[in-house]
Amino acid sequence: MDNRGTVLIVDDVEINRLILKEMFDESYNIIEASGGAEAVSIINNNKNVSAVLLDLLMPDVNGIDVLKTMNKNGKIKNIPVFLITAADDQEILLEAFGLGAVDVIMKPFIAQFLKCRIGNIIELYKYRRKLESVVKEQTKRLNELMHSTVEVLATAIEFRDCESGEHVKRICVLTEELMTEVSNMYPEYYLPPEEIDKIVASAVLHDVGKIAIPDSILNKPGRLTKEEFEIMKQHTVKGCELLSSIPAIMDQEVYSYGYDICRHHHERWDGKGYPDGLAGDEISIWAQVVAVADVYDALTSPRVYKAAFSSEKAKDMIFGGECGTFNPKIMKAFANIMERH
Amino acid sequence: MDFLDELKELGVDTDKALKSLAGKTSLYEKLVKKFPGMVNDYPVSPDFSDDEINDVIEKTHALKGVAGNLAITPLYNGYSDIVQFLREGKPEQAKEALKSLLPVQEDIVNCIERH
């Protein structure tokens with residue numbers, strides 16, 4: 001098989017297939033099917049089909065059945081289907097068009113017209129596929145660029161915070177694990193995997209507002225004074241201000257999740273967190289999950305003001321309420337994860 | 001007499017058929033010689049019962065399509081009428097039309113088979 005397109009001719013009458021084959025043999029590879037079932041099998045198993053010339057009235061599996069199958073498996077989006085018919089039953093033709101057929105070829109055929117019409121559509125579909133592929137590649141590159149920019153932003157603040165940059169990565173890993181567990185355990189918190197991916201990508205931004213906090217407070221080795229803590233708390237709001245000023249560097253959904261996580265990852269279930277004092281499910285589930293991941297990682301990592309706690313100690317502190325109150329359902333999910341570790 | 005001239009005498013529009021096949025006479029002859037086989041594969045008789053109407057529609061519809069593609073005009077026109085009668089619920093008129101058409105078809109098939 002060469003790199004020419006492939007035309008599938010579906011007709012139960014051999015003479016009709018031979019006539020069509022003769023018309024297209026020079027320009028395309030030809031595959032023949034004498035019935036609808038054979039056609040469906042070829043379409044499903046051959047990636048190179050550029051067009052289908054489909055007889056409508058065939059015994060057993062007819063042309064309409066083939067179109068219905070192509071709708072179910074999505075093949076109709078990429079393969080133009082031309083109806084071949086001697087029937088002028090408008091209802092059947094309309095049904096076929098409704099199922100995605102691109103044109104009708106009335107028998108008897110007129111070769112030159114047929115070659116032009118089908119050739120043009122095949123070229124159009126080829127061009128469309130090429131464009132879609134270019135757009136997909138560019139979107140992928142744009143997304144990669146966006147993720148890199150977001151990660152650079154997040155990592156930069158980590159370094160300023162005298163962290164290695166690993167905190168951001170660990171938060172992402174734990175957020176993904178915990179979010180997935182919560183989503184699987186509780187139908188009311190269910191999120192599809194692609195949404196969880198976006199939440200994870202957004203979680204890196206949770207502390208971006210620390211860029212606005214003075215070094216003397218951010219890296220103070222000892223306990224913060226009440227005034228200093230008030231300034232430190234502003235990193236949630238400052239982060240949102242920062243994101244608002246550069247929304248174009250990320251897609252809308254990552255921006256929305258990022259904004260929410262940035263602002264609310266210090267809220268607590270009992271309403272005693274900051275900056276807005278939200279309580280219960282007023283706090284989005286993703287902000288609640290990032291909050292637990294952030295606290296756990298902060299406890300188990302060394303900071304300028306403390307040594308790293310063991311995992312056991314960190315768990316005891318979280319479950320004991322020493323780091324504020326969390327959603328009991330998230331705590332159950334967190335316990336499951338800790339058991340598996 | 002030449003094969004295509006004989007067909008023309010029987011009403012087959014060979015010029016039109018050749019035009020649609022880019023003038024390829026040998027191809028047309030090859031295709032038209034398959035027509036008797038198709039007539040055998042799609043047998044239709046004027047004494048069909050009401051239960052057989054759908055089957056007759058399928059067969060006459062297929063014969064109509066091929067006759068059209070091969071420019072066998074008398075059969076194309078005849079089968080077009082028969083399909084139309086059957087779809088309009090006029091089986092008796094279809095039977096009459098088929099009775100008239102079958103001898104025409106026989107002549108054409110005999111001509112093809114002679115060559």
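Residue numbers start from 1 in every chain, and the chains themselves are labelled A, B, ... in the order their sequence lines are given, proteins ahead of strands.
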Interatomic distance, NE2@B/H61 vs OG1@A/T85, rounded to 0.5 Å, equals 4.5 Å
Side chains of A/I15 and B/N69 in contact at under 4.5 Å (non-hydrogen atoms): no
If you count every heavy atom of other residues, nucleotides or ligands that lies below 6.0 Å from B/R114 atom CZ, does the total exceed 12? yes
Find the distance between CG (B/L27) and CG (A/L18) and round it off to the nearest 0.5 Å. 8.0 Å
Count the heavy atoms belonging to other residues, nucleotides or ligands that lie under 6.0 Å from NZ of A/K126, then report whether that count exceeds 12. no
Quick one: what part of A/D55 sits under 4.5 Å from any heavy atom of chain B, side chain, backbone, both or neither? neither
Take a 6.0 Å sphere around CG of A/N45 and say whether it holds more than 12 heavy atoms from other residues, nucleotides or ligands. yes
Please say whether more than 12 non-hydrogen atoms of neighbouring residues, nucleotides or ligands are located less than 6.0 Å from CZ in A/F113. no
Is B/L31 in contact with chain A via its backbone, its side chain, both, or neither, using a 4.5 Å heavy-atom distance? both
Once rounded to the nearest 0.5 Å, what's the spacing between atom CD1 of A/I19 and atom NZ of B/K34? 11.5 Å
How about CD on A/E26, more than 12 heavy atoms from neighbouring residues, nucleotides or ligands closer than 6.0 Å, or not? no
Select one option (side chain, backbone, both, neither) describing which atoms of B/K24 are under 4.5 Å from chain A's heavy atoms. side chain
Least distance between heavy atoms, A/P108 atom then B/G68 atom: CB-O, 3.1 Å
Can you name the closest pair of heavy atoms from A/M23 and B/S20 and give their distance? CE-O, 4.3 Å
For the student: nearest non-hydrogen atoms of A/V13 and B/Y42, plus distance: CG2-OH, 3.6 Å
